[in-house]
There are 2 protein chains.
Amino acid sequence: MENLSDEYTLDWETNTFLQAEELQRYLDEAIPTHNDSSSQDGTQSSLMANKSIASERNRRKKLNERLYALRSVVPNITKMHKESIVKDAIDYIQKLHEEERKIQAEISDLESAGSSSKSTISSPPPKRSSPIEVLELRVSSMGEKTVVVSLTCSKRSNTMVKLCEMFESLNLEIISENITAFSDRVLKTVFVQADEKEKDLLKIKIETAIAALNAA
Amino acid sequence: MENLSDEYTLDWETNTFLQAEELQRYLDEAIPTHNDSSSQDGTQSSLMANKSIASERNRRKKLNERLYALRSVVPNITKMHKESIVKDAIDYIQKLHEEERKIQAEISDLESAGSSSKSTISSPPPKRSSPIEVLELRVSSMGEKTVVVSLTCSKRSNTMVKLCEMFESLNLEIISENITAFSDRVLKTVFVQADEKEKDLLKIKIETAIAALNAA
DNA sequence: CGCAACACGTGAAAC
DNA sequence: TGTTTCACGTGTTGC
């Protein structure tokens, strides 16, 4: 039977080629397996066979290297089988496609910047958008000394960061705040310690801050 | 020449699966290859073997379908061999990466346009950094394809912003995320689309990102 | 004739 | 335990 006791498998799970040296040695050395000069009627059987076998090995090796490289350019993932590597690559490409589409729209909207400091709410479809697209802004009072701000935006690349910065710049006395991102929406809720009469003023402040941030 | 009588090979060159019917017939029919009733000692040899062989067939078929799908999402080229499909996909992803990088730079340049004259609202350069103090970091899996990150920090001046930026920089596939600040704590919860096996790796990534951010 | 690309069945190894 | 993934050598087909 075949001896081949040694282990040469390259390892997709542990990320790197395991024992590359050994694999290489195996590959280089093992090609002329049959150097038994049986010299039978065989014309060049072993010679031809060895070439074919080497070609096939090389082909497989190449393809595997390519798959390995493919995985390395796809972020997020670090393991998995051949099939999943390709699958994840597909998903990733599609994700990039969509992202590019969004960014493209965002940029074209940015260039045709119209400062919309007037509208209180209202921004209906995903058509009209600026860096921060406010879908809804509600400022209400909860008791005498607490004001609740509820803000809904469409989710863009840096929306959460900007929202945080924006509220931070207002220097409010924040009791508690919360941001949730899901689907294509970002929802921010802030509990502010302030007199209920400041409610409307606070709303204007927020609108102004957003407008300023978008016009920057 | 173009006789192609019993052709079953699926054709990567001409783009579509050639003679899919015939291939299918071949696949379906040929499984119980050995129904030679030699009635040899065979206990379950053929039975077990046929399972293995069918599994292998299915695995290969799956992988080929995936490769085919991969090629379909990569624009530009259409045809070529397996290896080139993967290679083109890699090139394309890298091209998209670079494009994204450019766009990102362009956008940040656009955003940091004006300013400098007389900013009433926006804080000038509040570049003071207060490190992120991690109180608890829990990364767990929820099902096979979802990983939940739960991170608790102490609340400092820019903690929320930094947390958002940090997660954004990781380029994860985020299903939904949430930040809540209350009292002197900030709690961030993120649902990430990732294999459960990536759990530990993801935790390390987050820890590293936070450490790097604090060292700035 | 060879060369390149492929599908196939098989045994080994990992989970 | 068995299921799944893999590399391998081989036969076949089109250039």
Side-chain angles (χ1 to χ4, degrees), chain A residues 1-15 17-20 22-34 43-68 71 79-87, chain B residues 1-20 22-34 44-68 71 79-87 144 195-197:
Chain A
M1 303 294 187
E2 299 302 320
N3 194 354
L4 51 97
S5 56
D6 53 352
E7 174 129 344
Y8 66 91
T9 61
L10 67 90
D11 196 18
W12 291 91
E13 314 249 333
T14 59
N15 173 337
F17 288 81
L18 202 87
Q19 242 75 5
E22 198 158 359
L23 167 62
Q24 204 56 28
R25 240 182 324 120
Y26 172 79
L27 284 176
D28 296 342
E29 212 76 47
I31 309 179
T33 309
H34 303 91
T43 54
Q44 72 291 24
S45 61
S46 65
L47 204 155
M48 195 185 66
N50 284 343
K51 266 195 185 173
S52 300
I53 178 180
S55 295
E56 246 302 285
R57 279 189 186 179
N58 213 52
R59 191 183 77 92
R60 260 172 288 164
K61 182 182 168 187
K62 270 280 192 180
L63 206 160
N64 281 343
E65 282 174 358
R66 283 269 132 81
L67 282 174
Y68 178 71
R71 186 199 56 182
K79 31 177 63 183
M80 297 198 185
H81 353 135
K82 289 182 179 178
E83 183 193 335
S84 295
I85 292 177
V86 183
K87 176 194 153 91
Chain B
M1 306 241 186
E2 305 300 321
N3 195 354
L4 50 96
S5 51
D6 60 342
E7 181 119 340
Y8 69 94
T9 61
L10 66 89
D11 196 18
W12 292 94
E13 314 245 337
T14 61
N15 174 341
T16 121
F17 287 84
L18 201 87
Q19 243 71 7
E22 197 158 358
L23 168 62
Q24 203 57 30
R25 231 169 347 106
Y26 172 79
L27 284 178
D28 296 342
E29 212 75 49
I31 309 180
T33 307
H34 302 94
Q44 71 290 20
S45 60
S46 64
L47 203 156
M48 199 183 63
N50 283 344
K51 263 194 186 172
S52 300
I53 177 179
S55 296
E56 247 301 287
R57 280 190 185 178
N58 213 53
R59 190 183 77 91
R60 258 172 295 174
K61 181 182 170 188
K62 269 280 191 177
L63 206 160
N64 281 342
E65 283 174 358
R66 282 268 133 83
L67 282 175
Y68 180 70
R71 187 200 52 182
K79 44 173 58 185
M80 296 201 183
H81 337 151
K82 287 182 180 178
E83 183 193 333
S84 296
I85 292 177
V86 184
K87 176 191 154 88
E144 291 179 49
D195 194 280
E196 56 180 339
K197 298 186 176 183

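Numbered from 1 within each chain, the chains take letters A, B, ... in sequence-line order. Atom set for the values below is all heavy atoms of this structure, side chains included, hydrogens, waters and symmetry mates excluded.
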task: Kindly express the pairing pattern of DNA chain D in dot-bracket notation, using | wherever a base pairs with another strand and counting only Watson-Crick or G-U pairs under 3.5 Å.
output: .||||||||||||||
- request: Round to the nearest Å and state the distance from A/Ile53 atom CD1 to D/dA7 atom P.
  value: 15 Å
- prompt: Within the structure, does a side-chain N or O atom of A/Arg57 lie under 4.0 Å from either OP1 or OP2 of D/dG9?
  reply: yes
query: Looking at side-chain heavy atoms only, is the closest gap between A/Arg60 and A/Glu56 below 4.5 Å?
result: yes
- prompt: Is the closest side-chain heavy-atom distance between A/Asn64 and A/Lys82 below 4.5 Å?
  reply: yes
field: Between C1' of C/dC6 and CZ of A/Arg60, the distance in whole Å
entry: 12 Å
message: Just the rounded figure in Å: distance from C1' of C/dA5 to CZ of A/Arg66.
response: 15 Å
field: Length of the NZ-C1' vector between A/Lys62 and C/dC6, whole Å
entry: 18 Å
query: Looking at B/Arg59, B/Glu65, B/Lys62, which one forms a side-chain contact (heavy atoms from CB on, under 4.5 Å) with A/Glu83?
result: B/Lys62
- prompt: Do B/Ile85 and B/His81 come close enough that some side-chain heavy atom pair is under 4.5 Å?
  reply: no
message: Can you measure B/Ile85 atom CD1 to C/dA5 atom C1' for me and round it to whole angstrom units?
response: 12 Å
Is there any protein nitrogen or oxygen under 3.5 Å from a nitrogen or oxygen in nucleotides 1-5 of chain D, and what are the pairs?
from	atom 1	to	atom 2	distance (Å)
D/dT5	OP1	A/His81	ND1	3.3

- line: In whole angstroms, the gap separating P of D/dC6 from CG of B/Asn58 amounts to 14 Å
